[in-house]
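As C-alpha cells, the structure follows; a few thoughts come after it.
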There are 2 protein chains.
Amino acid sequence: MLPLDDPLNNHLLAALSADEYARFSPQLERVPLPLGHVLYESGHELRHVYFPTDSIVSLLYVMLDGASAEVAVVGNEGIIGIALFMGGETMPNRAVVQSAGHAYRLPGQLLKQVFNNSIGLQHLLLRYTQALLTQMAQTAVCNRHHSLDQQLCRWLLLSRDRLSSDELLMTQELIANMLGVRREGVTEAAGKLQEAGLIRYQRGHITVLDRAGLEARACECYAVVKLEYDRLLPELSTA
Amino acid sequence: MLPLDDPLNNHLLAALSADEYARFSPQLERVPLPLGHVLYESGHELRHVYFPTDSIVSLLYVMLDGASAEVAVVGNEGIIGIALFMGGETMPNRAVVQSAGHAYRLPGQLLKQVFNNSIGLQHLLLRYTQALLTQMAQTAVCNRHHSLDQQLCRWLLLSRDRLSSDELLMTQELIANMLGVRREGVTEAAGKLQEAGLIRYQRGHITVLDRAGLEARACECYAVVKLEYDRLLPELSTA
DNA sequence: CGCACTATGAGCGTTAGCGTACAGAACTTT
DNA sequence: AAAGTTCTGTACGCTAACGCTCATAGTGCG
C-alpha cells in the first residue's frame with residue numbers, strides 16, 4: 001500500500017518508465033483540491049497539468065445561459081490538461097473539482113517537452129486520450145437515450161471507481177449540476193435507489209451499499225466506458 | 001479549383017508537407033462511398049484510414065436495443081480512423097456514410113509509420129483529434145439541453161459546411177437515426193424550418209435557403225464547434 | 001398507365017423531466 | 001439554546017418528445 005501522498009497513487013504517473021518519472025518527479029508539486037475549485041476556465045491558457053490522486057475532477061461545459069453539463073470525469077486514472085500535448089493549448093471546457101482531495105501538478109512546458117521526446121509517454125497519453133474520447137461519446141449517447149435513474153447509477157459508479165471508498169461526499173445539488181438536470185430530479189432518483197437498498201443518502205453523504213445492484217440498474221454506458229479504459233490502459237487497472 | 005477527384009480536396013491531405021504527401025500519394029486509393037455504407041463496425045480492427053473528399057461520414061454509437069445516436073461527423077476536413085494513431089486500434093463506434101461521395105483511403109500501417117516519424121503529421125492529426133473531441137463534448141451538451149429544432153439546425157449546418165453545395169440528399173428517417181430521435185419529430189421540426197423559409201424539403205432533397213437564418217435558430221453548439229475547428233486547424237478553413 | 005414502394009404529414013394518448021413553490025430536517029454559528 | 005443556513009423531500013401544472021396508427025403524396029418500375 002502506497003502512502004496517501006505518494007504521486008504514484010495516480011495510475012498514469014505509476015505507469016511511467018523510471019526515466020520518464022525521473023524527469024518529472026523533481027517538479028511534481030502536491031496541491032490540495034477543495035470541492036468546487038476551478039482548475040481551468042473555458043478557453044484559458046493551461047499553465048499546469050494535474051494528476052489527481054485522491055480527488056475527482058469534472059470536465060464541464062457551461063452554456064451562455066449558465067446551464068451546464070459534464071462531458072467527462074477524471075480521477076486518479078487520468079490527467080487534466082490534455083490540450084497541452086494535443087496542441088490546442090486550450091479547451092472550451094471548465095475543469096472543476098467534484099470530490100475534494102489532492103493532485104500533483106506539473107508545469108505544462110515540461111510535460112510538452114517530455115511528450116515530444118518520449119515515445120513511451122506519447123503512447124500512454126494518447127491511449128488515455130482515446131479512452132477519454134470514448135467517455136465523451138458515451139456521455140452524448142447516454143444524454144440522448146437514457147433515463148435520469150440510469151444516468152445517476154452510471155455517474156455514481158464512475159465516481160465510486162475513481163475513489164477508494166464507498167463513501168462519496170456530494171450534495172444532490174452538485175450531482176444535478178454535473179448531470180445537467182434539476183436538483184429535484186436527483187432527489188427523486190436517489191430516493192428510488194435508496195428504497196431499493198442500493199445506496200444510503202444523508203445530507204451530502206452517499207454510501208454505496210450494493211455495487212452490483214447499481215451496475216444492473218445502470219445503462220450499458222457505464223460498462224462500455226469501463227471496458228474501454230481497461231482495454232486501452234491495462235497497466236492501470238482501475239478496479 | 002481542384003478537379004473533383006483530387007485527393008487534395010480533403011483538407012488534411014492538403015495541409016501535409018510535400019514530403020509527407022509524397023509518402024502517402026502512391027498508396028492513396030480513391031473509393032466510392034455509397035449512402036449507408038459502413039466503413040467500420042464497432043470494435044473491429046481498422047485496416048485503412050479514410051480521407052473524405054465529397055462525402056460525409058457519421059460516427060454513430062449503436063446501443064444493444066438498436067437505438068443509435070451520432071457522436072460526431074467527419075467530412076472533407078477530417079479523417080476516419082483516428083484510433084490507429086491514438087494507439088487503441090479500435091473504437092466502440094460505427095462509421096457510416098451519411099452523404100454519398102468519395103474518399104481516399106490509406107493502409108493503416110503506413111499512416112502509423114509516418115505518424116511516428118513525422119512531427120508535422122503528428123501535430124496536425126492531434127490537433128484534428130482535439131477538434132473532434134470538442135465536437136463530441138458539444139454533442140453531449142446539446143443532447144442534454146437543446147430542443148429538437150435547435151439540434152436539427154445545428155446538424156444541417158454541420159452537414160452543409162462539409163459539402164460544397166446547398167443541396168443535401170437525405171431523408172428525414174436518416175436524420176432521425178443520426179440525431180437519435182423519432183422520424184416524426186424531424187418531420188415536425190423540418191416543417192417549421194420550411195415554413196420559416198430557411199430550407200426547402202422535398203422527398204430526400206433538402207435545400208438550404210437561408211444559412212444565416214439557420215445559424216440564428218441553432219443553439220450555440222454549432223458556433224462553438226465551428227470556432228474550435230477554425231482555431232485548431234486554420235490551414236483548413238472549412239468555410 | 002397503373003401498381004408498389006417509400007417518404008412525408010398528421011392525430012392521437014402517454015410520459016419523463018421541467019419550473020416553481022414551499023415545508024421539514026439537519027447541520028453551523030453565535 | 002436559538003437563530004440562521006444549507007440540504008432534502010413533496011406537490012402541481014406544463015411541455016417536449018415519445019410510441020403508435022393511419023392517410024397522403026411523390027417516384028420508379030413493370
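Reckoned from all heavy atoms, side chains included, excluding hydrogens, waters and symmetry mates. Convention: sequence-line order gives letters A, B, ...; per-chain numbering from 1.
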To the nearest Å, how far apart are [X] [atom1] and [N] [atom2]?
X	N	atom1	atom2	answer
A:Leu169	D:dC7	CG	P	12 Å
B:Asp65	D:dG19	CG	C1'	14 Å
B:His146	C:dC18	NE2	P	14 Å
A:Glu173	D:dT8	CD	P	9 Å
A:Leu148	C:dT15	CG	P	18 Å
B:Asn143	D:dA16	CG	P	18 Å
A:Gln172	C:dC27	CD	C1'	16 Å
B:His145	C:dG19	NE2	C1'	15 Å

*asked:* Looking at every heavy atom in both B:Ala218 and B:Arg154, which two are closest together, and how far apart are they?
replied: CB-N, 3.9 Å
_Lys NZ or Arg CZ of A:Arg162 over A:Tyr229 ring: under 6.0 Å, within 45°_ =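 Pair A:Arg162/A:Tyr229 counts as cation-pi.
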*Side chains of A:Glu228 and A:Gln138, donor plus acceptor under 3.5 Å*: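 The criterion, which ignores hydrogens and geometry beyond distance, is not satisfied for A:Gln138 and A:Glu228.
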*Among D:dG26, D:dG9, C:dT8, the one nearest B:Arg203 by side-chain distance*: D:dG26
*asked:* Both A:Asp149 and A:Gln202 contact DNA chain C. Taking the nearest nucleotide for each, which residue is further toward the 5' end?
replied: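 Counting from the 5' end, the first nearest nucleotide belongs to A:Asp149.
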*Does B:Thr90 offer a backbone N or O that forms a donor-acceptor pair with the side chain of B:His44 under 3.5 Å?*
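It does not hold such a pair.
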*asked:* Between A:Ser58 and A:Leu60 (side chain of the first, backbone of the second, donor and acceptor by atom type, cut-off under 3.5 Å), is there such a pair?
replied: no
*Look at atom CD of B:Gln150 and say whether more than 12 heavy atoms of other residues, nucleotides or ligands are closer to it than 6.0 Å.*
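Correct, the count exceeds 12.
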*For DNA chain C, determine which residues of residues 179-194 of chain B have any heavy atom closer than 4.0 angstrom to one of its atoms, and list them numerically.*
B:Arg183, B:Glu184, B:Thr187
